[in-house]
Amino acid sequence: MSLTLTLILTALSVGLTILCGWRGAKPTDIMRAKPRMMPWRFLMLLFAALTMLLLIHVVSHITGNPKTIVY
């Protein structure tokens, strides 16, 4: 993966982590007709883990030692 694509995916992942964290922190409204069906906190954790992996990939590109997997 190129550095440009990695940076774009990192920014997108950070944005989605923040969005899911904001949505997951809202209090539940039990008087509302429809319950909340999205697992926002779990999605926040998934995107945070993806962000960490992408940041590790960015650092490996910047240091000049990217590990490439050859199949």
How long is the straight-line distance from [atom2] of [Y] back to [atom1] of [X], given to the nearest 0.5 Å?
| X | Y | atom1 | atom2 | answer |
| --- | --- | --- | --- | --- |
| Thr6 | Leu53 | OG1 | CG | 11.5 Å |
| Leu50 | Thr10 | CG | OG1 | 8.0 Å |
| Thr4 | His61 | OG1 | NE2 | 9.5 Å |
| Ile8 | Leu3 | CD1 | CG | 10.0 Å |
| Ile62 | Leu55 | CD1 | CG | 9.5 Å |
| Leu16 | Arg23 | CG | CZ | 12.5 Å |

*Hey, what else clusters with Ile18 if you join Ile, Leu, Val, Met, Phe, Trp, Tyr whenever side-chain heavy atoms sit under 4.5 Å?*
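Result for Ile18 is Val14.
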*Smallest separation among heavy atoms of Met38 and Leu43, with atom names*: CE-CD1, 3.5 Å
*Can you run down the side chain to side chain donor-acceptor pair (under 3.5 Å) pairs that involve residues 44-54, sequence neighbours left out, and say none if there aren't any?*
Ser13-Thr51
*Transitive ILVMFWY side-chain link Leu46 to Met52, under 4.5 Å*: no
